[in-house]
Protein chains: 2
Amino acid sequence: MEKKTILVVDDELKIRILLKDFLEREGFSVIESQDGKHALETFRCRGKSIDLILLDVMLPEYDGWTVCREIRKISEVPIIMLSARSEDFDEVHGFEIGADDYVKKPVKPTVLIARINAFFRRIDKVKAESRVIAFDGLEIDDSSHTVKVDNEEIVLSPKEYTLLLILVENKGKVISREQLLNLVWGYDYYGGLRTVDTHINRLRIKLGKKGDSITTIRGFGYRFEG
Amino acid sequence: MEKKTILVVDDELKIRILLKDFLEREGFSVIESQDGKHALETFRCRGKSIDLILLDVMLPEYDGWTVCREIRKISEVPIIMLSARSEDFDEVHGFEIGADDYVKKPVKPTVLIARINAFFRRIDKVKAESRVIAFDGLEIDDSSHTVKVDNEEIVLSPKEYTLLLILVENKGKVISREQLLNLVWGYDYYGGLRTVDTHINRLRIKLGKKGDSITTIRGFGYRFEG
DNA sequence: TTTTAATATGACAATTATATCATACTCATA
DNA sequence: TATGAGTATGATATAATTGTCATATTAAAA
């Protein structure tokens, strides 16, 4: 497995150095940011390659809460908040706005690294799980990337496959074209919404009669019936 | 989504009751165990249906470390360890033997629940429970964007749907045509007020007998009875 | 009851959303 | 470099939605 990249956001140079040092010794690659604004810019620019964010709460130029909320609007990247504030209220708040963990300062590097490793161990496991979705004659095997309709394998392009997966994972729910662009194409894609239509169209054709399961919700998006 | 089941392992009855109470209020289903041996037996017997284990470290009949290690030999079920021991060494050890989180006692239920929710949010693919408004034979599911009258689905156009949603969200209150134009059409819309009448009309027809629930308040606007 | 104003309704045209098609571009591979 | 699969985009066709108006109906007031 390739190196994981961690973005460390803290205004104190001493802490950044301490963490960078420990993390790199553990085999992680580290990017640093000294304030909220810079962190957001960094993430917008290289978000795709960042596997985890260590985010201090007390920051100049947008505090940690703001940074967390802004990032959550565009990404589900794991975020661990670091905070000197030890109130329960703050901790709960951190989780509510989308953080994955909340660690109280002073941070002990050994403990933090144990947490990070445990976290990656868990999400890698979830990712690696061979997931098979099957119902009503439709079968999607995520580990082999194969799709079958009535036991007949059909070949989908990458975009078509991901599109189908997202729709089926959220079956019964309407997903807007904007959401689909985010989820399938990535939050940093700025193409036209019509592109989604075209791909839906091709997907429907390839799915044959199962294509009817993709319902158009005029004005709102698409929904997979299930 | 179906209820998640949590196995709470703690020898103190008081804590078990406290946690069970809180967790059930949050929509989890709870199983209890008062010692390590019993916890292992319980898990071996119904492990398949357990989604998370809250495991105290200080236990009679096999301590928490042992239970965690034994479970890890046969399962990857998420484990959150609870411990009165606050040494960093213990925390690191907990992660090393396969725990997913380590929470120091005394446990604050609100914090623990925030952690548990964040954890499930991360590892679950599907999230976000759907918001459903239902009463008197009318059902509006906003996530799937479906409207049912007496369990019969009816298809509404975007404007009709939004109009209905606004009316129902404010049921019992009169909403003026101006307000409806603002809420449904947007504040920057400058069409005629009569347009609302037409849409109300079309909505009433599609709702069938439920259409009678939209009352005209002469001179003021409309009101959804409920 | 008559009058008046407000609202309901139906028809139509205008607008908008979506599906579909044709084409050009991109990128990996032979 | 040529090929082909995959993709993005714009043009056009099709279909649904919407806004407006004329007219009918209704409710309140005189």
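It should be emphasised that the depicted structure is a prediction, and the values quoted were computed from it without experimental measurement. Sequence lines set the chain letters: A, B, ... in the order given, protein chains first and strands last, and positions in each chain run from 1.
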**Q** Out of Ile50(A), Leu52(A), Ile80(A), Leu19(A), which residue meets the side chain to side chain contact (heavy atoms under 4.5 Å, CB included) rule with Ile6(A)?
**A**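 When Ile50(A), Leu52(A), Ile80(A), Leu19(A) are each tested with Ile6(A), the side chain to side chain contact (heavy atoms under 4.5 Å, CB included) holds only for Leu52(A).
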**Q** Does the distance from a Lys or Arg side-chain N to an Asp or Glu carboxylate O, for Arg122(B) and Asp100(B), drop under 4.0 Å?
**A**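 Salt bridge between Arg122(B) and Asp100(B), a charged N being under 4.0 Å from a carboxylate O: no.
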**Q** Determine the contact category for Arg204(B): base if any of its heavy atoms lies under 4.0 Å from a base atom, sugar-phosphate if only primed atoms, P, OP1 or OP2 are that close, otherwise nothing.
**A**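 The residue Arg204(B) makes sugar-phosphate contact but no base contact.
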**Q** With a 4.0 Å cut-off on heavy atoms, is Tyr222(A) in touch with a base, just the backbone sugar-phosphate, or nothing at all?
**A**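 Since only primed, P, OP1 and OP2 atoms lie under 4.0 Å of Tyr222(A), the category is sugar-phosphate.
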**Q** Please report the distance, rounded to the nearest Å, between CG in Leu203(B) and C1' in dT17(D).
**A**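 It is 14 Å, rounded to the nearest whole Å.
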**Q** Distance check: side-chain N/O of Ser157(A) vs OP1/OP2 of dA5(D), anything under 4.0 Å?
**A**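 Checking dA5(D) against Ser157(A), no side-chain N or O comes under 4.0 Å of OP1 or OP2.
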**Q** Of the options Thr146(B), Asn151(B), Val147(B), Val149(B), which is the one that meets Glu139(B) in a side chain to side chain contact (heavy atoms under 4.5 Å, CB included)?
**A**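 For Glu139(B), the side chain to side chain contact (heavy atoms under 4.5 Å, CB included) test succeeds with only one of Thr146(B), Asn151(B), Val147(B), Val149(B), which is Asn151(B).
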**Q** What is the separation between atom CZ on Arg194(B) and atom P on dT23(D), rounded to the nearest whole Å?
**A**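 Between P of dT23(D) and CZ of Arg194(B): 17 Å.
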**Q** Can you measure Asn201(A) atom CG to dT14(D) atom C1' for me and round it to whole angstrom units?
**A**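 Answer to the nearest Å: 13 Å.
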**Q** Would you mind classifying the nucleic acid contact of Tyr190(A) as base, sugar-phosphate or nothing, using non-hydrogen atoms under 4.0 angstrom?
**A**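 Nothing: the residue Tyr190(A), judged by heavy atoms under 4.0 Å, touches no strand.
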**Q** Please tell me which of the listed nucleotides, dA27(D), dG6(D), dT18(D), lies nearest to the side chain of Pro158(A)?
**A**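 So the nucleotide nearest the side chain must be dG6(D).
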**Q** Using whole Å, what does the distance between atom P of nucleotide dT26(D) and atom CD1 of Ile217(B) come to?
**A**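 In whole Å, dT26(D) P lies 18 Å from Ile217(B) CD1.
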**Q** Work out which heavy atom in Ile214(B) is nearest to a heavy atom in Arg204(B); give both atom names and the distance.
**A**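 Where Ile214(B) meets Arg204(B) most closely, the heavy atoms are O-NH2, 2.9 Å.
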**Q** Looking only at atom types and distance, does a side-chain atom of Asp150(B) sit under 3.5 Å from a main-chain N or O of Glu152(B), one as donor and one as acceptor?
**A**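 Not a single qualifying donor-acceptor pair exists.
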**Q** I'd like to know if Lys73(B) pairs up with Glu70(B) as an ion pair, taking the criterion as any Lys NZ or Arg NE/NH1/NH2 lying under 4.0 Å from an Asp or Glu carboxylate oxygen.
**A**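 Salt bridge flag = yes for Glu70(B) with Lys73(B).
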**Q** Please state whether the phosphate of dT7(D), meaning OP1 or OP2, lies under 4.0 angstrom from any side-chain nitrogen or oxygen of Trp185(A).
**A**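 Checking dT7(D) against Trp185(A), no side-chain N or O comes under 4.0 Å of OP1 or OP2.
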**Q** Does the pair Asp101(B)/Arg115(A) count as a salt bridge with the N-to-O cut at 4.0 Å?
**A**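 Salt bridge flag = yes for Arg115(A) with Asp101(B).
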**Q** Bend angle of the helix from dT1(C)-dA30(D) to dA30(C)-dT1(D) from five-pair axes at both ends, rounded to 10°?
**A**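 The angle separating the two end axes equals 20°.
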**Q** In whole angstroms, how far is the C1' atom of dT18(D) from the CD1 atom of Ile200(B)?
**A**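 For the pair Ile200(B) CD1 and dT18(D) C1', the rounded distance is 15 Å.
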**Q** What is the distance, to the nearest angstrom, from the CG atom on Leu180(A) to the P atom on dA8(D)?
**A**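 Roughly 13 Å, once rounded to whole Å.
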**Q** Would you kindly give the CG-to-P distance between Asp197(A) and dT9(D), to the nearest whole Å?
**A**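 Whole-Å distance recorded here is 13 Å.
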**Q** Hey, does Thr195(B) reach any base, or is it just sugar-phosphate, or nothing, if we go heavy atoms under 4.0 Å?
**A**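 Thr195(B): base contact, heavy atoms under 4.0 Å.
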**Q** Chain A on DNA chain C: first and last contacting nucleotide, 5' to 3', under 4.0 Å to a heavy atom?
**A**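 Contacts span dA17(C) to dC21(C), reading 5' to 3'.
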**Q** Taking only N and O in the side chain of Tyr161(B), is any of them less than 4.0 Å away from OP1 or OP2 of dT18(D)?
**A**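 No, Tyr161(B) has no side-chain N/O under 4.0 Å of OP1/OP2 on dT18(D).
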**Q** Select one nucleotide: of dT18(D), dT9(D), dT7(D), the one nearest the side-chain heavy atoms of Arg202(B).
**A**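 For the Arg202(B) side chain, the nearest candidate turns out to be dT18(D).
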**Q** Identify whether the distance between the nearest side-chain nitrogen and carboxylate oxygen of Lys171(B) and Asp136(B) falls below 4.0 Å.
**A**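 Asp136(B) and Lys171(B): not salt-bridged.
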**Q** Mind calculating the distance between CG (Leu156(A)) and P (dA5(D)) to the nearest angstrom?
**A**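 Roughly 15 Å, once rounded to whole Å.
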**Q** Salt-bridge test for Lys3(A) and Asp51(A): reply yes if a basic N is under 4.0 Å from a carboxylate O, no otherwise.
**A**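 Salt bridge absent between Lys3(A) and Asp51(A).
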**Q** Knowing that exactly one of Asp10(A), Leu23(A), Leu7(A), Ile79(A) qualifies, which makes a side chain to side chain contact (heavy atoms under 4.5 Å, CB included) with Leu54(A)?
**A**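 Testing Leu54(A) for a side chain to side chain contact (heavy atoms under 4.5 Å, CB included) against Asp10(A), Leu23(A), Leu7(A), Ile79(A) leaves exactly one candidate, Leu23(A).
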